[in-house]
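Lettering of chains follows the sequences in order, A, B, ..., and the numbering in each one begins at 1.
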Amino acid sequence: MIQTQLEALIRQALKKAQKKGDLPKFPMPEITVTRPRREGQGDYSTALPLQIVKPVNNALKEKGGGKLSPMQIGEILIKRLPQADFLDRAELAKPGFINLHLSPAWLARQAGAIVHQGPDYFKVDLGGGKKVQVEFVSANPTGPLHFGGARNAAIGDALARLLENSGYQVQREYYVNDRGTQIETFAMTLWRRYQQLFGLDVDIPADGYPGAYMIDYAKIIREEHGDSLLNLPEEAIIPRFRELGLKIVLDELKDDLAMMNVQFDEWFSEQSLYDDGTFARVFAILSEQGDLYEKEGAVWFRASKYIGGDRDEVFVRSNGEPGYFASDMAYHYHKFIVRGFDWVINVWAVDHQNQAKRLPPALKAFGIDPERLTIVLYDLVTLKRGGKEVKISKRSGEIITMREVLEEVGADAARYFLLSHSNEARIDFDIDLAVAQSSENPVYYIQYAHARASSILRKAADAGFAPSDAHLDLLACPEELALLRKMLQLPEVVLFAVERLAPHHLPHYALDLAKIYTNFYGHCRVLSDDPAQKDLTEARLMLVQAAKTTLAYVLGLMGMSAPEKM
RNA sequence: GCCCCCGUAGCUCAGUGGCAGAGCGGCGGACUUCUAAUCCGCGGGUCGCAGGUUCAAGUCCUGCCGGGGGUGCCA
């Protein structure tokens, strides 16, 4: 990555200046090279002279020497800057910046490098092969996924793709909450709906699931089993309907998520933690450590011991059922101790913020470093139709499902829109507006840029042209160099997005890139009949191929398609 | 009460301590084109308010205002 190479160069300059006695010795500061927002300030710049003016002058004072201004320090650093093929020149700017200009010839050669290396050109190795799990969506399996789940899916899957492209070994997991109150109520509702299909005069439970989809589920069961389940023994009803209902819902979830181009490696059952003894083991460990006690008929976990404060957590409720804290503890014991993930990322909605704060330190009870669990919180999506808010409660019967929205706006547009906001910002999503604007949506603009690049390459092949790096030095006009600079930025964007687990930088970068590519397309004709232009055509074809590679790569990171034609 | 998030252009939102940005909408231009799902130009701002740190604050710190969320037997 060019940014880190520039930083290394500056570091060398500082070391050399100190060695030669131009500057006094002091601890090496953190050196950062950033992209200036304005033109004319170089491709990168550093404020190092301003940052080190104090330590420099303090050190000089101790030796009884005079003072240096930031501009003087900058001059010294530039004098000691080593040569590099990618660096054209370094300029000093007031009040003490060093502006770094990349070599245009080197930039032009990167078109070839991108084409020859392909996506590898953009990869950064942060993970070193570490095993990381991204757990996301994990909505209760009691009905269709509502649109809020689509945001979780978009963020989680983009994070997984970012990590996969940054040297991590990634597993995608969906946690299936297939035990507890909600699922019991779900099974009971399903049983009643099934009975109603046969004309029985029964009501669904008062706190049940009134949505019409429950009737559809009941019909699926009727189709497969006819009336044979009406005479089940009392104690077999709920377990049987839970099992049948779960299968229907999970199949539906898989289909819905496939529409979003999201696939999970593992659908992890909460119930399995109780069936395979994980919960019993966790209970025994905590009990042995004296971390459990009884109060008010419930078993409590001494959370305060690990988290601080004076608040403990209910572990086993007074009705004998383990609470959510217990399940989460057992689940994460399984992730870290049984399955051995180095790092786990959970994507949760903000209404879990309290648990997000408390669960990681609680894992210290198992000797697990809380740093190994990162919880990414995202705010909710407020759905609107025609400017009016639509409530998305699963229990209202008036749910807007992810499937419904995807059918209207398409998976690519939905993913782009859901990703383009920072995780912790709330999204107002007006479905009518999204549909109405779909042809003006940035997503089509970006994909169109890719389709046009593909088209040029097809046409070129028909005309007997092929991309070539024989004359890349002909790529020298501002539009071409701007495109190359933008492509070079992608690894920095990936790094930034991974470090902050903030995939929303991807759509913004993609739009910028598409805009700069389209500008190049408008200004620089690629294909030419003039034989004298052959070298330029072949060089520009290389640039087009590189741009296509870059666009496809960033679209891929967002889980979006990169069409050859539109 | 306490804790977390959000507040930036008419709208929707980016913004990594280094001279405030994009998309959409508005206004004015460009279509015998390698795909017009396009391009060029213009207008638009007390970065919620007040202090503080800093050579430099939309960005860091403190307080306040407004909106949302959380706060021991739901998950």
Discussion item. Mind checking if A:Tyr445 touches a base, just sugar-phosphate, or nothing, with heavy atoms under 4.0 Å?
Written reply: sugar-phosphate
Response to the item:
As its Watson-Crick or G-U partner within any shown strand, both distances under 3.5 Å, B:G63 has B:C49
Worksheet item: Atom NE2 of A:His505 to atom P of B:A22: distance rounded to whole Å?
Response: 18 Å
Worksheet item: Of A:Asp428 and A:Ile456, whose closest RNA chain B nucleotide lies nearer the 5' terminus?
Response: A:Asp428
Item to complete: Give me the ring orientation class for A:Tyr174 and A:Trp267: parallel if the planes are under 30° apart, tilted from 30 to 60°, perpendicular past 60°.
Response: parallel
Discussion item. Using the C1' atom as the point on both nucleotides, what is the distance between B:G52 and B:C74, in whole Å?
Written reply: 43 Å
Worksheet item: When you measure from the side chain of A:Phe417, which nucleotide among B:G70, B:U12, B:G72 comes out closest?
Response: B:U12
Worksheet entry | Between A:Thr142 and A:Gln182: side-chain donor-acceptor atoms closer than 3.5 Å | no
Fill in: Minimum-distance nucleotide (side-chain atoms of A:Met566 versus B:A37, B:C13, B:C74)
B:A37
Worksheet item: Between A:Asp328 and A:His332, do the side chains contain an N or O donor and an N or O acceptor separated by less than 3.5 Å?
Response: no
Worksheet, complete the sentence: Atom CG of A:Leu92 and atom P of B:G18 are separated, to the nearest Å, by 19 Å
Discussion item. Checking contacts here: which listed nucleotide (B:G72, B:U35, B:U38) is nearest the side-chain heavy atoms of A:Asp312?
Written reply: B:G72
Worksheet item: With a 4.0 Å cut-off on heavy atoms, is A:Phe315 in touch with a base, just the backbone sugar-phosphate, or nothing at all?
Response: nothing
Worksheet item: Does any nucleotide pair with B:G1 by Watson-Crick or G-U wobble geometry, both distances under 3.5 Å, and what is it?
Response: B:U71
Worksheet item: Which of parallel (below 30°), tilted (30 to 60°) and perpendicular (above 60°) describes A:Phe279 and A:Phe283?
Response: tilted
Worksheet item: How would you label the contact of A:Phe325 with the nucleic acid (heavy atoms, under 4.0 Å): base, sugar-phosphate, or nothing?
Response: nothing
Worksheet item: Which base, if any, makes a Watson-Crick or G-U wobble pair with B:A37, both distances under 3.5 Å?
Response: none
Discussion item. Suppose you measure atom C1' in B:G7 against the same atom in B:U59; what distance do you get, rounded to whole Å?
Written reply: 14 Å
Practice prompt. Could you check whether A:Glu564 gets within reach of a base, just the sugar-phosphate, or nothing at all, counting any heavy atom under 4.0 Å?
Written response: base
Worksheet item: Does A:Arg317 place a side-chain N or O at less than 4.0 Å from the phosphate oxygens OP1/OP2 of B:A75?
Response: yes
Worksheet item: Is it true that the side chains of A:His471 and A:Glu538 contain a donor and an acceptor less than 3.5 Å apart?
Response: no
Worksheet item: Between B:C39 and B:A56, how far is it from one C1' atom to the other, in whole Å?
Response: 38 Å
Worksheet item: Rounding to a whole Å, what distance do you find between A:Arg458:CZ and B:U35:C1'?
Response: 9 Å
Fill in: Partner nucleotide, any strand, of B:A56 [Watson-Crick/G-U, under 3.5 Å]
none
Worksheet item: Under 3.5 Å, is there a donor-acceptor pair between the A:Ser304 and A:Asp310 side chains?
Response: no
Worksheet item: Does A:Tyr444 place a side-chain N or O at less than 4.0 Å from the phosphate oxygens OP1/OP2 of B:A37?
Response: no
Practice prompt. Measure from NE2 on A:His523 to C1' on B:U38 and round the result to the nearest Å.
Written response: 12 Å
Item to complete: Compare the minimum distances between each of B:G18, B:C39, B:A75 and the side chain of A:Asn177, then state the nucleotide with the smallest one.
Response: B:A75
Worksheet entry | Nearest-0.5 Å distance that lies between atom CD1 in A:Ile427 and atom CG in A:Asp379 | 9.0 Å
Item to complete: Measure from the side chain of A:Phe97, starting at C-beta and using heavy atoms only, and say which of B:G18, B:G69, B:C73 lies closest.
Response: B:G18
Taking only nitrogen or oxygen atoms into account, show me every contact under 3.5 Å that the protein makes with nucleotides 2-9 of chain B, one pair per line with its distance.
unit_1	atom_1	unit_2	atom_2	d
B:C3	O2'	A:Lys357	NZ	3.0
B:C5	O2'	A:Glu424	O	2.7

Worksheet entry | Polar side chain donor-acceptor pair, A:Asn152 to A:Tyr378, under 3.5 angstrom | yes
Discussion item. What is the separation between atom CZ on A:Arg358 and atom P on B:G72, rounded to the nearest whole Å?
Written reply: 9 Å
Fill in: Nearest-angstrom distance, P atom, B:C61 to B:G18
15 Å
Worksheet item: Could a donor-acceptor pair under 3.5 angstrom be found where the side chain of A:His352 meets the base of B:A75?
Response: yes
Item to complete: Would you tell me whether A:Asn346 and A:Lys335 have side-chain atoms, one donor and one acceptor, within less than 3.5 Å of each other?
Response: yes
Fill in: Minimum-distance nucleotide (side-chain atoms of A:Pro95 versus B:U16, B:G18, B:C39)
B:G18
Discussion item. Taking the P atom in each of B:U16 and B:C5, what is the distance between them to the nearest angstrom?
Written reply: 15 Å
Item to complete: Round to a whole Å and report the spacing from CD of A:Glu7 to P of B:U16.
Response: 16 Å
Fill in: Any donor-acceptor N/O pair under 3.5 Å between B:C73 base and A:Glu296 side chain
yes
Worksheet entry | Nucleotide of B:G18, B:U16, B:A14 approaching A:Arg500 most closely (side-chain heavy atoms) | B:U16
Worksheet item: Given the P atoms of B:G28 and B:G43, what is the spacing between them in whole Å?
Response: 15 Å
Item to complete: Determine the Euclidean distance between corresponding C1' atoms of B:G44 and B:G17; express it in Å to zero decimal places.
Response: 28 Å
Worksheet item: With distance as the sole criterion, do the side chain of A:Tyr324 and the base of B:A75 form a donor-acceptor contact below 3.5 Å?
Response: yes
Worksheet item: Starting at CG of A:Asn354 and ending at C1' of B:C74, how long is that distance when rounded to a whole Å?
Response: 13 Å
Worksheet entry | Integer angstrom distance from the P of B:A57 to that of B:C49 | 16 Å
Discussion item. Between P on B:A14 and CG on A:Asn423, what's the gap in Å once rounded to a whole number?
Written reply: 10 Å
Worksheet item: Under 3.5 Å, is there a donor-acceptor pair linking the side chains of A:Asp291 and A:Tyr306?
Response: yes
Worksheet item: Does A:Lys459 put a side-chain nitrogen or oxygen below 4.0 Å from OP1 or OP2 of B:U35?
Response: yes
Worksheet item: Under 30°, 30 to 60°, or over 60°: which ring-plane class applies to A:Phe417 and A:Phe429, parallel, tilted or perpendicular?
Response: tilted
Response to the item:
The residue, A:Gly180 or A:Leu511, whose nearest nucleotide of RNA chain B is more 5′ is A:Leu511
Practice prompt. Answer with base, sugar-phosphate or nothing: what part of the nucleic acid does A:Lys515 contact at a heavy-atom distance below 4.0 Å?
Written response: sugar-phosphate
Discussion item. Should the side chain of A:Thr181 and the base of B:C74 be counted as holding a donor-acceptor pair, with the cut-off at 3.5 Å?
Written reply: no
Worksheet entry | Nearest-neighbour nucleotide for the A:Arg311 side chain, B:A14, B:G72, B:C40 considered | B:G72
Fill in: Shortest side-chain distance from A:His504, nucleotide among B:G15, B:A22, B:U35
B:G15
Worksheet item: With a 4.0 Å cut-off on heavy atoms, is A:Asp328 in touch with a base, just the backbone sugar-phosphate, or nothing at all?
Response: nothing
Item to complete: Indicate whether OP1 or OP2 belonging to B:G18 is found under 4.0 Å from a side-chain N or O atom of A:Tyr44.
Response: no
Worksheet item: Would you say the side-chain atoms of A:Lys548 and A:Gln545 include a donor-acceptor pair closer than 3.5 Å?
Response: no
Discussion item. Side chain of A:Ser318, heavy atoms from C-beta onward: which of B:C73, B:C55, B:C39 has the nearest atom to it?
Written reply: B:C73
